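As structure tokens, the structure follows; a few thoughts come after it.
Quantities reported herein were computed from a predicted structural model and do not represent experimental measurements. One-based numbering, in listed order, for ligands and for the atoms of each. Below, each value reflects all heavy atoms present in this structure, side chains not excepted, and no hydrogens, waters or symmetry copies.
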Amino acid sequence: MATKYIFVTGGVTSSLGKGIISASLAKLLQARGFSVTIQKFDPYINIDPGTLNPYEHGECFVTEDGAETDLDLGHYERFLNVPTSQANNVTTGRIYYHVITQERQGAYLGKTVQVIPHITDEIKRRLLLLGQSGEYDIVITEIGGCVGDIESLPFIEAVRQLRWELGVNESCVIHLTLVPYLKAAGELKTKPTQHSVRDLSEAGVQPDILVCRSEYPIPADLRKKIALFCNVKVNSVIESLDAESIYDVPLLMRKEKLDERVISKLKLPHKAEPNLDSWKEFLGRLKNPTDEVNIALVGKYVELPDAYKSIVESFIHAGAYNECKVNIKWIQSEHVTDENVAAMLSGMDGVLVAPGFGERGFRGKLEAVRFVRENNIPFLGICLGMQCAAVEFAQNVLGLQNAASTEMDPNTPHPIIDLMEDQKEVTQKGGTMRLGSYACELKKGSKAYSIYGKSKITERHRHRYEFNNNYLAAFEEAGMHATGINPETGLVEVIELQQHPWFVAAQYHPELKSTVLNPHPLFVKFVKAAMNHAKSN
Ligand code: GLN
């Protein structure tokens with residue numbers, strides 16, 4: 001079967017949840033036996049989101065092959081349980097970069113290089129790339145931004161051309177819009193949807209299916225009206241109500257028959273009804289917890305929880321696995337001091353110190369680590385969180401005054417955390433960290449080993465600094481053990497404290513590999529440790 005293409009566009013406003021709708025549709029099609037992947041095309045000019053502050057678009061998600069990507073790719077992986085790659089996230093910057101590089105090489109043979117056809121050709125080439133691998137029956141492309149934005153025009157134009165080239169029944173367009181409720185009028189309003197479909201049609205793209213976000217159910221007469229004004233069948237007006245959890249959305253879309261509409265539009269072979277047993281089982285456990293724990297997330301971007309998206313979702317997966325509700329208390333690390341740390345962390349059954357960059361909030365993270373170390377509270381440190389755990393231990397247990405990471409204090413007498421050797425010559429910021437999947441060997445008999453149940457693991461990375469092995473012997477002597485090591489480079493990947501019920505920190509990012517079907521063992525066991533802590537208190 002030739003690969004079929006689904007394009008998901010958005011109108012009226014951003015933040016309608018195109019990523020979740022795309023992932024939910026993919027889940028339903030996957031549950032019917034189709035092989036599906038999702039890619040995201042973002043209209044901004046950055047080559048990738050790696051150089052963006054998390055306040056801009058939230059977390060930067062890192063793939064196995066080391067691509068720094070949009071956080072929606074995290075949703076794709078969590079829903080589908082299939083890894084994505086560099087090819088799954090393309091930006092305007094990447095498209096132009098490629099075309100301009102070609103131009104400098106003389107590849108256009110003296111022609112004037114233009115948005116149409118050169119930029120749109122390159123967009124189309126990338127739109128088809130994953131489909132041409134032969135691995136997928138269906139490729140879903142989410143077009144970032146809103147229809148009508150200047151910057152998304154070349155993408156919409158490329159979709160228009162490609163649909164024509166692919167021919168009838170080979171592609172379909174799903175447009176996500178908003179049907180707002182006007183309190184004063186006491187009515188749901190369809191005009192914004194009509195306008196945004198008109199914008200899309202003016203660009204030459206007629207949507208096949210409308211997914212209408214709404215706070216209230218959309219009655220039949222309103223669906224008819226939308227269908228009439230927007231040239232879609234009434235059964236292709238899909239209602240998408242606010243959900244209690246993003247993981248409800250596949251079932252809500254199933255109820256609205258989104259998958260059936262797509263199958264009929266694309267003339268796909270009618271495979272079995274979707275098998276969603278394991279998904280429903282997960283939801284059952286998620287919604288019927290028998291335990292509850294409070295876990296503090298100490299970070300400096302806490303005003304925007306999207307900055308820690310994968311961590312939050314990993315807690316949801318691990319909570320469901322343990323049938324335990326995980327309440328996250330967001331703690332701004334800049335506000336934590338040695339005087340208030342006890343009050344700020346009081347009542348916590350576990351503390352996670354989050355990844356991050358730069359000096360801001362670093363001291364507060366050290367205080368949080370000291371408090372949990374001294375008070376036997378379960379602790380999980382991730383990336384910068386692990387580096388904090390090492391620096392705190394050096395300062396307060398080994399008594400090394402002014403021990404630090406050279407990221408925060410380049411002149412420290414004790415560079416416990418130091419720039420990796422292969423980072424020393426690096427001057428460019430974009431795409432130059434230690435990125436993606438690396439092997440790690442866990443020591444038999446360690447907590448890490450018992451958590452994973454095996455010694456050979458791979459995990460994803462995103463950092464420039466590392467634990468300085470010159471201090472390893474002193475650390476181990478004092479009870480902080482390196483229990484995960486990169487077998488090729490000797491880099492320390494996991495440290496854990498012997499005399500503590502549960503104190504584990506990793507240089508890598510376990511949150512990037514947790515999915516609904518495969519909750520990450522570190523999170524599962526951390527939540528379990530927090531449950532034990534809650535019970536013993
Ligand atoms: N800033 C630290 C480093 O670059 C940690 C990075 C992170 O937490 N992702 O090594």
Side-chain angles (χ1 to χ4, degrees), residues 48-63 66-69 71 74 297-302 304 306-312 314 333-334 351-366 368-369 379-392 394 403-410 412 415-438 440 459-469 471 482 484 486 489 491-495 504-514 520 522:
D48 61 43
T51 51
L52 290 172
N53 186 310
Y55 288 124
E56 295 286 311
H57 297 278
E59 165 188 280
C60 173
F61 187 81
V62 180
T63 57
E68 296 176 282
T69 71
L71 59 71
L297 195 156
V298 184
K300 69 169 172 177
Y301 308 111
V302 291
L304 183 77
D306 266 7
Y308 302 109
K309 194 80 196 164
S310 294
I311 293 178
V312 173
S314 299
S333 54
E334 265 187 302
V351 172
L352 183 146
V353 174
F357 294 84
E359 155 89 275
R360 183 168 73 89
F362 190 71
R363 282 233 62 88
K365 289 183 172 176
L366 295 184
V369 174
F379 167 76
L380 178 58
I382 299 181
C383 207
L384 184 65
M386 174 199 117
Q387 300 176 354
C388 289
V391 169
E392 191 280 328
S405 161
T406 51
E407 182 181 6
M408 322 302 161
D409 177 4
T412 170
I416 303 298
I417 303 295
D418 201 4
L419 207 52
M420 283 182 276
E421 206 42 54
D422 53 9
Q423 285 286 329
K424 290 192 174 149
E425 304 300 314
V426 173
T427 49
Q428 292 245 57
K429 290 279 178 257
T432 56
M433 281 186 253
R434 180 182 184 221
L435 290 166
S437 181
Y438 285 90
C440 170
E459 291 283 5
R460 298 185 198 171
H461 296 253
R462 184 174 189 247
H463 62 118
R464 295 188 199 281
Y465 293 82
E466 58 162 317
F467 182 86
N468 181 346
N469 275 330
Y471 291 90
N486 177 300
T489 57
L491 290 182
V492 170
E493 307 282 25
V494 184
I495 57 175
V504 181
Q507 184 58 72
Y508 51 77
H509 291 263
E511 75 276 19
L512 300 176
K513 281 177 71 166
S514 186
H520 196 286
L522 265 177

(message) If I apply the N/O under 3.5 Å rule, does M433 come out as touching ligand 1?
(response) no
(request) Specify the protein heavy atom at minimum distance from atom 2 (C) of ligand 1: its residue, its atom name, and the distance to 0.1 Å. (result) E407 OE1, 3.3 Å
(message) I'd like to check which ligand 1 atoms, numbered from 1 as shown, lie under 4.0 Å from a non-hydrogen atom of H509.
(response) 9 (N)
(request) Go through ligand 1 atom by atom and flag the ones less than 4.0 Å from a non-hydrogen atom of C383. (result) 5 (C), 6 (C), 7 (C), 8 (O), 9 (N)
(message) For E511, is there an ion pair with R462 - N to carboxylate O distance below 4.0 angstrom?
(response) no
(message) Tell me if the CZ atom of R363 is crowded by more than 12 foreign heavy atoms within 6.0 Å.
(response) no
(message) Show me which atoms of ligand 1 lie under 4.0 Å from any heavy atom of H463.
(response) 3 (C), 4 (O), 6 (C), 10 (O)
(message) For K365 versus G299, what's the shortest heavy-atom pair and its separation?
(response) CE-CA, 3.9 Å
(request) If you have a sec, work out which protein heavy atom is nearest atom 10 (O) of ligand 1 and how many Å separate them, to one decimal? (result) Y465 N, 2.9 Å
(message) Counting non-hydrogen protein atoms only, what is the nearest one to atom 9 (N) of ligand 1? Give residue, atom name and distance.
(response) R462 O, 2.9 Å
(message) Assess the residue pair E359 and E407 against the criterion (side chain to side chain contact (heavy atoms under 4.5 Å, CB included)); give the C-alpha distance rounded to whole Å, side-chain angles, the decisive distance to 0.1 Å, and a yes or no.
(response) CA-CA 8 Å; E359 155 89 275; E407 182 181 6; over 6 Å; no
(request) List the closest protein heavy-atom neighbour of atom 4 (O) of ligand 1: residue, atom name, distance to the nearest 0.1 Å. (result) R464 N, 3.0 Å
(request) Would you give the length of the straight line joining atom NZ of K513 to atom CG of L522, rounded to the nearest 0.5 angstrom? (result) 11.5 Å
(request) Decide yes or no for E459 and V494: does some side-chain heavy atom of the first lie under 4.5 Å from some side-chain heavy atom of the second? (result) no
(request) Decide whether an N or O pair under 3.5 Å exists between G356 and ligand 1. (result) yes
(message) With rounding to the nearest 0.5 angstrom, report the OG1 to CD distance, T489 to E466.
(response) 7.5 Å
(message) When you compare ligand 1 with Q507, is there at least one nitrogen or oxygen pair between them that comes in under 3.5 angstrom?
(response) no
